[in-house]
> 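I'd like to ask you about the structure that follows.
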Amino acid sequence: MISVQITDLETVLELRDRYLAAVNAQIVHDSWHSRGRTTLYRIAGASGVLGYGAVGSSSGQPHDTVKEFYVVPEAEPESTSLFRAFLAAARPRWIEAQTNDPFLAPRLRVFAPDHAPHTYLFTDSQATSLPAPGVQLRPVTKADHGTVFAHTTEPVGTWGLDRDGTLAATGGLFFHYNPPYGDLYMEVAPEHRRKGYASYLLQELKRIGYETGHVPAARCQIENLGSRGALERAGMYVCGAIARGPIAI
C-alpha cells in the first residue's frame with residue numbers, strides 16, 4: 001500500500017541530496033524550500049520510504065504546482081503509480097519542470113501534455129577570450145548606486161563595466177541555488193547595448209565564479225534573444241528549459 005504524507009524538509013533531506021546528485025545541474029528554484037514556498041510529501045510503501053514530492057508556487061500564491069519528484073532507484077519500476085498517488089494526495093493543478101530533470105520531466109510530458117517552455121537554462125561549455133570593448137571591469141561600490149543607470153530587469157550588480165567614469169553595465173552571481181552553482185545576471189544601459197558589453201561582462205563573471213569555487217550557470221526568458229546571444233558568445237549553451245503545463249491526467 002502506498003502512503004503519501006505531508007512532511008518537512010529535514011525528514012526528506014537525505015532523499016533530496018540524492019535527487020540533487022542524480023540531476024547534477026542547477027536547480028533554479030532550489031531556495032523555494034527554505035523560503036516556505038513548497039509543501040513536501042513523503043512517499044512510502046510496504047518496504048519503507050520510496051521517495052518524495054514537492055508542490056509550490058511563487059511567494060504568496062497557493063502551492064498548486066509540482067516542482068520536484070524523486071523515487072529511489074529500486075522503486076523506479078513503480079514510479080508512475082507512486083506519482084499518481086502523490087498527485088492524488090497533493091491535488092496540484094500544474095507541473096513545472098526543468099527539462100534536464102530526469103525524474104520530473106518525463107512526468108511533465110505524460111501528465112501535462114500541453115506544457116510549454118518559458119525559460120532557457122544555460123551551462124558553461126568553454127572559456128572565451130573576448131576583448132574588453134573600451135571598458136574596464138571594476139567592483140560596484142555603494143557610491144555608484146546613486147548615479148548608476150536605472151535597472152529594469154536585474155538588480156544593480158556587484159561588478160560593473162566602467163566607460164569613461166560611468167557604469168555602462170553591471171552584473172554578478174546569485175548564490176541562492178544548490179551548491180556549487182552561481183547564477184549569472186547582468187544588465188546593460190540602453191544606450192550601450194549592442195556593443196559587446198554583455199558578453200564580455202558575462203565572460204568575466206564566469207571567471208570570477210570559478211575563482212571563488214562556484215560553477216557558473218544562467219537562465220533567460222525564451223523571447224529574450226539578446227540575452228541568449230550574449231550568453232552564447234560568452235561560452236554558455238542551452239542545456240534545458242523550464243516548462244509548465246496544466247495537469248490533464
> Please find out if less than 6.0 Å separates the ring center of His214 from that of Phe175.
yes
> State whether a side-chain donor-acceptor pair under 3.5 Å links His33 with Glu68.
yes
> Keeping the roles fixed (side chain from Lys206, backbone from Gln126), state whether a donor-acceptor pair exists under 3.5 Å.
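Looks like yes, one N/O pair under 3.5 Å.
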> Has Glu154 got more than 12 heavy atoms of other residues, nucleotides or ligands less than 6.0 Å from its CD?
yes
> Verify side chain to side chain contact (heavy atoms under 4.5 Å, CB included) between Leu205 and Tyr185, making sure each step is shown before the conclusion.
CA-CA 9 Å; Leu205 292 173; Tyr185 69 95; over 6 Å; no
> Just say parallel, tilted or perpendicular for the rings of Phe149 and His151, cut-offs at 30° and 60°.
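The rings of Phe149 and His151 lie parallel, inter-plane angle below 30°.
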> Heavy-atom distance under 4.5 Å between the side chains of Ser31 and Tyr177, does that happen here?
no
> How about Arg207 and Leu137: do any of their side-chain heavy atoms sit closer than 4.5 Å?
yes
> List the atom of His145, the atom of Val148, and the distance in Å for their closest heavy-atom pair.
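For His145 and Val148, the tightest heavy-atom pair comes out as O-CG1, 3.9 Å.
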> Output yes when Glu14 and Arg18 qualify as a salt bridge under the 4.0 Å nitrogen-oxygen rule, no when they do not.
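Salt bridge between Glu14 and Arg18, a charged N being under 4.0 Å from a carboxylate O: no.
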> For the residue pair Tyr197 and Arg163, confirm or rule out a side-chain donor-acceptor distance under 3.5 Å.
yes
> Determine whether Leu121 and Ile242 satisfy the following criterion, side chain to side chain contact (heavy atoms under 4.5 Å, CB included), listing intermediate values before the conclusion.
CA-CA 7 Å; Leu121 306 174; Ile242 302 176; 3.8 Å; yes
> Do Leu167 and Leu161 make a side-chain contact, defined as non-hydrogen atoms from C-beta onward lying under 4.5 Å apart?
no
> Just checking, any donor-acceptor pair under 3.5 angstrom between side chains of Asp183 and Gln26?
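Judged by distance alone, the side chains do pair up.
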> Can you tell me how far apart CZ (Arg91) and CD1 (Ile247) are? Round to the nearest 0.5 Å.
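If we round to the nearest 0.5 Å, Arg91:CZ and Ile247:CD1 are 11.0 Å apart.
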> Give the intermediate values and the outcome of side chain to side chain contact (heavy atoms under 4.5 Å, CB included) for residues Asp144 and Arg138.
CA-CA 11 Å; Asp144 291 316; Arg138 68 167 176 85; 2.8 Å; yes
> Under 4.5 Å between any side-chain heavy atoms of Val23 and Pro102, yes or no?
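They are in contact (side-chain heavy atoms under 4.5 Å apart), so the answer is yes.
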> Would a hydrophobic clustering, with Ile, Leu, Val, Met, Phe, Trp and Tyr connected at side-chain separations under 4.5 Å, put Met186 with Tyr200?
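Yes, Met186 connects to Tyr200 through the hydrophobic network.
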> Does the side chain of Glu204 reach to within under 4.5 Å of the side chain of Trp159, using non-hydrogen atoms?
no
> Tell me the closest heavy-atom pair linking Ala90 and Val55, and the distance in Å.
CB-CG1, 4.0 Å
> Show your reasoning for whether side-chain hydrogen bond (donor to acceptor under 3.5 Å, both in side chains) applies to His192 and Lys195.
CA-CA 6 Å; His192 290 301; Lys195 297 179 180 179; 3.0 Å; yes
> Once rounded to the nearest 0.5 Å, what's the spacing between atom OG1 of Thr7 and atom CD1 of Ile43?
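The distance works out to 11.0 Å.
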> Does Ala241 offer a backbone N or O that forms a donor-acceptor pair with the side chain of Thr99 under 3.5 Å?
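Side chain of Thr99 to backbone of Ala241: a pair is present.
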> Assert yes or no for the condition that the ring centre distance of Tyr41 to Tyr52 is strictly below 6.0 Å.
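No: the rings miss the under 6.0 Å criterion.
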> Are the side chains of Leu87 and Val66 in touch, meaning some heavy atoms are under 4.5 Å apart?
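Answer yes - side chains close enough.
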> Any side-chain heavy atom of Leu20 sitting closer than 4.5 Å to one from Ile27?
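Yes; the side chains approach each other to less than 4.5 Å.
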> About how many Å separate CZ of Arg219 and CG of Leu231, when rounded to the nearest 0.5 Å?
9.5 Å
> Please determine whether residues Leu9 and Tyr19 belong to a single hydrophobic cluster, defined as Ile, Leu, Val, Met, Phe, Trp and Tyr linked transitively by side-chain heavy-atom distances below 4.5 Å.
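Yes, one cluster joins them.
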> More than 12 foreign heavy atoms under 6.0 Å from CD of Glu10: is that the case here?
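Not buried by this count: 12 neighbours or fewer within 6.0 Å.
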> Are Arg244 and Trp94 in a cation-pi contact, defined as NZ or CZ under 6.0 Å from the six-membered ring centre and within 45° of the axis?
yes
> Of the non-hydrogen atoms in Gly209 and Leu173, which two are nearest, and what is the gap between them?
CA-CD2, 3.9 Å
> Is there a donor in the side chain of Asp124 and an acceptor in the side chain of Tyr210, or the other way round, less than 3.5 Å apart?
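Their side chains do contain a donor-acceptor pair, which is all the 3.5 Å distance test asks for.
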> Can you tell if the side chain of Glu187 reaches within under 4.5 Å of the side chain of Thr152, non-hydrogen atoms only?
yes
> Are more than 12 heavy atoms, taken from residues, nucleotides or ligands other than Gln136, located less than 6.0 Å from that residue's CD atom?
no
> Roughly how far, to the nearest 0.5 Å, is the CG atom of Asn178 from the NE2 atom of His29?
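It comes to 12.0 Å.
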> Determine the minimum heavy-atom distance between Pro77 and Pro73, stating which atoms define it.
CD-O, 4.1 Å
> Same cluster or not: are Val188 and Val135 linked, directly or through other Ile, Leu, Val, Met, Phe, Trp or Tyr residues, by side-chain heavy atoms under 4.5 angstrom apart?
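Yes, because Val188 and Val135 connect within a single hydrophobic cluster, where side-chain heavy atoms sit under 4.5 Å apart.
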> Sequence neighbours excluded and cut-off under 3.5 Å, please list the side-chain donor-acceptor pairs for residues 103-114, or say none.
from   : atom 1 : to     : atom 2 : distance (Å)
Arg107 : NH1    : Phe103 : O      : 2.8
Arg107 : NH2    : Ser79  : OG     : 2.4

> What distance separates Glu76 CD from Leu50 CG, expressed to the nearest 0.5 Å?
11.5 Å
> Please check: side-chain N/O of Ser57 versus main-chain N/O of Pro62, any donor-acceptor pairing under 3.5 Å?
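Answer holds: yes.
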> Go through the side-chain N and O atoms of His115 and Glu96 and say whether any donor and acceptor fall under 3.5 Å apart.
no
> Given the rule that I, L, V, M, F, W and Y join up when any side-chain heavy atoms are under 4.5 Å apart, are Leu184 and Val140 in one cluster?
no
> Give a yes-or-no answer on whether the side chains of Tyr120 and Asn224 include a donor-acceptor pair shorter than 3.5 Å.
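Not at all, the side chains of Tyr120 and Asn224 share no donor-acceptor pair under 3.5 Å.
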> Minimum heavy-atom separation for Val4 and Ala89, please, with both atom names.
CG1-CB, 3.6 Å
> Check this for me: does any side-chain nitrogen of one of Asp30 and Arg16 sit under 4.0 Å from a carboxylate oxygen of the other?
yes
> Going from OG on Ser58 to CZ on Arg37, what distance comes out if it is rounded to the nearest 0.5 angstrom?
7.0 Å
> Could you state whether Val12 and Ile6 fall into the same hydrophobic cluster, counting links through intermediate Ile, Leu, Val, Met, Phe, Trp or Tyr residues with side-chain heavy atoms under 4.5 angstrom apart?
no
> Can Leu15 and Arg42 be said to form a side chain to side chain contact (heavy atoms under 4.5 Å, CB included), step by step?
CA-CA 10 Å; Leu15 286 170; Arg42 174 180 173 271; 5.9 Å; no
> With no hydrogens and no angle check, is any side-chain donor or acceptor of Thr170 less than 3.5 Å from a backbone partner on Gly157?
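At least one qualifying donor-acceptor pair exists.
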